[in-house]
Student: 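Below is one structure. I have some questions about it.
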There are 2 protein chains.
Amino acid sequence: MRWDELDQQPCSLARTLSVVGDRWTLVILRDCFLGVRRFDDFEARLGITRHVLADRLRKLVDAGVLEKHPYQERPLREEYRLTDKGLDLYPVILSLVHWGDRYMADAQGPPVRHRHRHCGQHMRGILICSACGEELHPRDVAVEESPAWAGQGLLPARSRRRNPS
Amino acid sequence: MRWDELDQQPCSLARTLSVVGDRWTLVILRDCFLGVRRFDDFEARLGITRHVLADRLRKLVDAGVLEKHPYQERPLREEYRLTDKGLDLYPVILSLVHWGDRYMADAQGPPVRHRHRHCGQHMRGILICSACGEELHPRDVAVEESPAWAGQGLLPARSRRRNPS
DNA sequence: TTGACAAGTTCCAAAATAGAACTTTACTGT
DNA sequence: ACAGTAAAGTTCTATTTTGGAACTTGTCAA
């Protein structure tokens, strides 16, 4: 399967990745959340090729994650801003950052901290169940086919085929 | 900058992406969380080239996200299992899935549901502040350089350079 | 008139990917 | 003994994508 066919799969994760799963795209979005908006600023901060940057920004705009917003005319100059759809990617970004803080930090520790303006504390994000409020762990979550998709073999048969252990 | 230099940046997100930021890697990990463990099963479910699959699995093992576990000898056959480090990527996976559920679903709706075994309800993951327990929104989180990294210009100067608005 | 600025586009060489075939070790049925 | 199957890769080539640098366009300022 080619990468660009991934969004046709009946899988929300695959479809999300068809938008943000590219090598550079999430780094671009990180900078968007930090307030970077202009082409040359992205290029200078990321060390990304202008060629690829232009392509990724265009795709993010097409996907509705960013929108172009003119900040001067003659010559027309536009900056890139997160839409609401883009802002909703925040849990993804923050989860990636916290994993890196935990597992990829060097001797100096994580490079940035996050402070919650509401309570004033340094913090990290915790994922909880929307129904009961408990912290989520992978083993506690059962995945079920939705009725509309039932019987299509979206989920693997857990039993090993020839070597049941 | 080349992609493989990304892990040298002082940025937890960039470093995380140097492990999982590849196009296929997060789809492989999705299947790991669904219980897929064997080479041929990954290949059949993902439609990924064997070549690339072998390479990505090797890199995930090198990174400590997966580990090889023999399930038979003669001939030696090994399966891939998530380590604790890998299991800790669950918030990333679930956040990606929920964004896709919301923005990328088609008329049939999201293909799978998640049920929390503790409370028995269908649910989604919500990101809250570890300090005060409130739900997190991007505008409420301030990013600060850690003392050890201060003054290195990790964060952009928010003021626009020539066109302050 | 020259230079700077901003946001790209164009060009080419180098690297990565898709797709298919091949390899290795061992078991199974005839 | 022999063919077929199985699992987990490796090898091969053609196509695509990327990295790096230079070029373009429209406008203003010195």
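For clarity, every value in this text was computed on a predicted model and none was experimentally measured.
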Student: Let me know the distance between CZ of R38(B) and P of dA6(D), rounded to the nearest Å.
Tutor: 14 Å
Student: Could you check whether the side chain of R77(A) and the base of dA6(C) have a donor-acceptor pair of N or O atoms closer than 3.5 Å, going by distance alone?
Tutor: yes
Student: Strictly under 3.5 Å: I want the nitrogen or oxygen pairs between protein and nucleotides 10-14 of chain D, one per line.
Tutor:
none

Student: Any cation-pi pair here, R38(A) with Y71(A), using under 6.0 Å and within 45°?
Tutor: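 Because its charged atom sits under 6.0 Å from the ring centre and within 45° of the axis, R38(A) does stack over Y71(A).
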Student: Atom CD of E5(B) and atom P of dG19(D): how far apart are they, to the nearest Å?
Tutor: 9 Å
Student: In terms of ring plane angle, is the pair H116(A) and H118(A) parallel, tilted or perpendicular, where the classes change at 30° and 60°?
Tutor: parallel
Student: Assign each of V52(B) and E78(A) to its nearest nucleotide of DNA chain C by heavy atoms, then name whichever residue's nucleotide is nearer the 5' end.
Tutor: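 The residue mapped nearer the 5' terminus is E78(A).
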Student: Using whole Å, what does the distance between atom P of nucleotide dG19(D) and atom CD1 of I48(A) come to?
Tutor: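 Atom-to-atom, I48(A) to dG19(D), this comes out as 7 Å.
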Student: Any pair with a residue in residues 107-116 of chain A that passes salt bridge (charged side-chain N to carboxylate O under 4.0 Å, His left out), sequence neighbours left out, goes on the list, sorted by first then second residue, please.
Tutor: R115(A)-E144(B)
Student: Between K59(B) and D55(B), does at least one N-O distance fall below 4.0 Å, as a salt bridge requires?
Tutor: yes
Student: Side chain of P75(B) only, heavy atoms from C-beta on: which candidate in dA6(C), dG9(D), dA26(C) is closest?
Tutor: dA26(C)
Student: Counting only heavy atoms not in E73(A), do more than 12 fall under 6.0 Å of its CD?
Tutor: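 No - once you tally the heavy atoms of other residues, nucleotides and ligands closer than 6.0 Å, there are 12 at most.
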Student: Rounded to the nearest Å, what distance is computed from the CG atom of residue D4(A) to the P atom of nucleotide dA16(C)?
Tutor: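 My rounded result for the distance is 19 Å.
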Student: Which ones in residues 22-30 of chain B lie close to DNA chain C, meaning a heavy atom under 4.0 Å from one of its atoms?
Tutor: D22(B), W24(B)
Student: Base, sugar-phosphate or nothing for Y80(B)? Non-hydrogen atoms, less than 4.0 Å.
Tutor: sugar-phosphate
Student: In whole angstrom, give the distance that lies between atom CZ of R74(A) and atom C1' of dT25(D).
Tutor: 15 Å
Student: Take the angle between the ring planes of Y90(A) and F33(A) and call it parallel below 30°, perpendicular above 60°, tilted in between.
Tutor: tilted
Student: Evaluate M123(A) against I128(B) for side-chain contact (heavy atoms from CB on, under 4.5 Å), listing each step before the verdict.
Tutor: CA-CA 10 Å; M123(A) 56 94 205; I128(B) 63 166; over 6 Å; no
Student: Take the protein atom CD of E73(A) and the nucleotide atom P of dC5(C), then report the distance between them rounded to whole Å.
Tutor: 22 Å
Student: Looking at every non-hydrogen atom in both residues, tell me the closest pair between V143(A) and H114(B) and how far apart they are.
Tutor: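 Scanning both residues, the minimum pair turns out to be CG2-CD2, 3.9 Å.
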Student: Give me the atom names and distance for the closest heavy-atom approach of I48(B) to E43(B).
Tutor: O-CG, 3.5 Å
